[in-house]
Amino acid sequence: MSPSDTSGDAILVAVGWPYANNHLHAGHLAGAYLPADIFARYQRMRGARVLMVSGSDSHGTPVTVRAEQEGTTPEAVFHRYHQSFLDTFKGFGISFDLFTSTDTPNHIEVTQDLFRRMLAQGDLYEADQELLYDATAGRFLPDRYVEGICPKCAFDGARGDQCDNCGSTLDALELINPRSKLSDATPERRKSRHFFLRLTAFTERLTQWIEQPEHADWRPHVRNFTLGMLREGLIDRSITRDITWGVPIPLEGYESKRIYVWFEAVIGYLSATKEWNATNGTPEAWRDWWTDPKARTVYFIGKDNVPFHTVIWPAMLMADGGLNLPTDVPANQYLTMSGSKASKSRGGVVWLPDYLERYEPDPLRYSLAAAMPETNDADFTWAEYVRRNNDELVARWGNLVNRVLTITRRNFDDCVPEAPATLAPESLALLDRVDVAFDSVGADYDRVQMRRALSGAMEVAQGANQYLDARAPWQAVKADRDHAAETLYVALNAISGLVTLLNPVLPFTTQRAWEYLGHTGEVGAAGWQRMPVVSGTVLPEPGPLYRKLDDSVVAEEEARLGL
RNA sequence: GGCAGGAUAGCUCAGCGGUAGAGCAGCGGACUCAUAAGCCGUUGGUCGCGGGUUCAAAUCCCGCUCCUGCUACCA
């Protein structure tokens, strides 16, 4: 269903904003974009009015630094990766209604509007801040851009925010012999006037909100982490920086400063909703997602983003007044790559544009969904990818489709056979099992338990294989043609249900299977139910849904990773 | 340091109070429609260590060991 069709319940699928300083990798897909897409596809199928939005986070120090290194502008860096993101999402079928950026007039306007109102209400205030300044690079340094000797353990190499040796959380001003990571210069202390978010004023309201009974089933790592932050005490944070690449402060005399990304990027969820509705001729309809208390707003992010989505953004929404707070923030844990953490800055990563040059999107979607880091960090290995592709997609599911279509077309004149008026008990049992799966698998998708949903659907596929084996239509077709006809008719109908059940995870290949069954249109448009396969329908010639991968792929890809 | 999660069959993991499970790998079998796929059977574990609660603990409580992550002025 289109977000413009107002008949369904409104669900905002809000997805974390990727930082436009590099391409996306498999960790991004597993952590946020894939679960969001599966969820959105499922909700659309069951008739919800889904609006799925995100955009490039175009601002921030690393973008500026990268631009300087390359001798180009921050805009150029941002545009390059923004385009890369769009290509990647298209290639993997991540079905955004809108993927915009923080570099739009609309976003700047929405941000500045909220800034002004929060300032007027006293939720923001001005104060001096002492910071480290790199005179060589001509820039104030974020804590992470400063290194020095740890004041607690004397480790030389501690970063300004944290010492990797003893684990202490630091203030960059405490470092002994600080040096800039940008220029190696010794930074100097300078005062600068900034705006602060009065987070401390929201502690009580945030705590009450998190402790509401309907939030009891939030993922433990999200809920407990948030409660821990609230218990330990929030700290007012400065939300402006001495930089020139970012959203301008809407006041006179602040031309050398910008609103900082962590304050501004989360506003993107709201500004993107407004942008989509303005573009589609319904400028007031953004309220259906943001002010209707029945709307759900679900945020798909990696766990490193939790504080911004369960504390800072909710506080900003409370400050605004009438906007919906997050319904759920099903943050994922990390995807590790052959045992080590996937990272944009380090190597050992499966880059998504690179992947798409060699492989189809669905097998990676499948592998990542089957081992999604929902409760723990999950490890991605190429060996497991190849195994899942070959054993599960090719052998169990793809082969099921292929074998049934092949026998049917060969023996029944390329048509769906006639079924008897009364089906055998095992035939009814299989179809019933498929139909029941729509409830259980659907509930799992709805709860963002993608691993469970997928394994539930795949168990039904296995059941279909067992059914076929028990009734052996390849033999029956010689002795008892009606028996074989029933088997194939039932199997085709079971496959039809499976196509729909699997479509949120495997949108490309299930669409092809859908057409092999003689259906027309899109799987996603047919609703969350088993589409009957009708006797007499002509079945087109099928092709393999998946390609079997040779074991040598494992060694090749591991070599690329530098393992 | 604080917080969270984990430690279960060779491997990847599920189970989270009631006689140890799945997939893969291994072994055996019947079949042959299918991308030599599918199906059936089977080998294999004192569920990290030590205490405790209970008629009963992988499952709850306490302590310990090891692993991973997060710890909001990169996002």
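In what follows, chains are A, B, ... by sequence order, proteins preceding strands, each numbered from 1. Everything numeric in this text was worked out from a predicted model, so none of it was measured.
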Checklist entry - Would you say a side-chain N or O of A/Y334 is under 4.0 Å from OP1 or OP2 of B/C70? => result yes

Interatomic distance where [atom1] belongs to [X] and [atom2] belongs to [N] [whole Å]:
X	N	atom1	atom2	answer
A/N465	B/U35	CG	P	14 Å
A/N399	B/C33	CG	C1'	9 Å
A/L227	B/U71	CG	C1'	15 Å
A/Y81	B/C74	OH	P	21 Å
A/R471	B/G38	CZ	C1'	17 Å

Checklist entry - What stem regions, each of at least 3 consecutive Watson-Crick or G-U pairs below 3.5 Å, can be found for RNA chain B? => result B:1-7 with B:65-71, B:10-13 with B:21-24, B:26-29 with B:39-42, B:48-52 with B:60-64

Whole-angstrom distance between [N] and [M], as gauged at atom [atom1]:
N	M	atom1	result
B/G41	B/G21	P	14 Å
B/A14	B/A20	C1'	12 Å
B/U8	B/C67	C1'	16 Å
B/G26	B/U43	C1'	8 Å
B/G44	B/G18	C1'	25 Å

Using a cut-off of 4.0 Å on non-hydrogen atoms, how would the nucleic acid contact of [X] be classed: base, sugar-phosphate, or nothing?
X	value
A/D57	sugar-phosphate
A/Q462	sugar-phosphate
A/R387	sugar-phosphate
A/L468	nothing
A/G543	nothing
A/Q466	sugar-phosphate
A/L234	base

For the side chain of [X], starting at C-beta, report the closest nucleotide among [options].
X	options	result
A/R410	B/U35, B/A34, B/A4	B/A34
A/N224	B/A4, B/C70, B/G38	B/A4
A/F308	B/A72, B/C33, B/U35	B/A72
A/V394	B/G23, B/U35, B/G5	B/U35

Pairwise N/O distances under 3.5 Å, protein to nucleotides 25-32 of chain B:
{"unit_1": "B/C31", "atom_1": "O3'", "unit_2": "A/Q475", "atom_2": "NE2", "d": "3.3"}
{"unit_1": "B/U32", "atom_1": "OP1", "unit_2": "A/Q475", "atom_2": "NE2", "d": "2.8"}

Next on the checklist: Within 45 degrees of the ring normal and closer than 6.0 Å to the centroid, is that where the cationic atom of A/R481 sits relative to A/F412?
Outcome noted: yes

Checklist outcome for this item: With sequence neighbours left out, the residues meeting ring-ring contact (aromatic ring centres under 6.0 Å, His included) with A/F140 are A/Y133

Checklist outcome for this item: Walking RNA chain B from its 5' end, the first of A/L545 and A/A265 to be reached, judged by nearest nucleotide, is A/L545

Checklist entry - Taking the nucleotide of RNA chain B with the closest heavy atom to each, which residue, A/E392 or A/T406, is nearer the 5' end? => result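 The residue mapped nearer the 5' terminus is A/E392.
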
Checklist entry - So, A/E486 versus A/S427: side-chain donor-acceptor pair below 3.5 Å or not? => result yes

Item to check | Salt-bridge criterion met for A/D128 and A/K191 (N-O under 4.0 Å) | outcome: no

Next on the checklist: For A/R512, is there an ion pair with A/E515 - N to carboxylate O distance below 4.0 angstrom?
Outcome noted: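 Looking at A/R512 together with A/E515, the answer is no, because their closest N to O distance does not fall below 4.0 Å.
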
Checklist entry - For the residue pair A/R403 and A/L400, what are the closest heavy atoms and their distance? => result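 Smallest heavy-atom distance, with atoms named: CG-O, 3.3 Å.
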
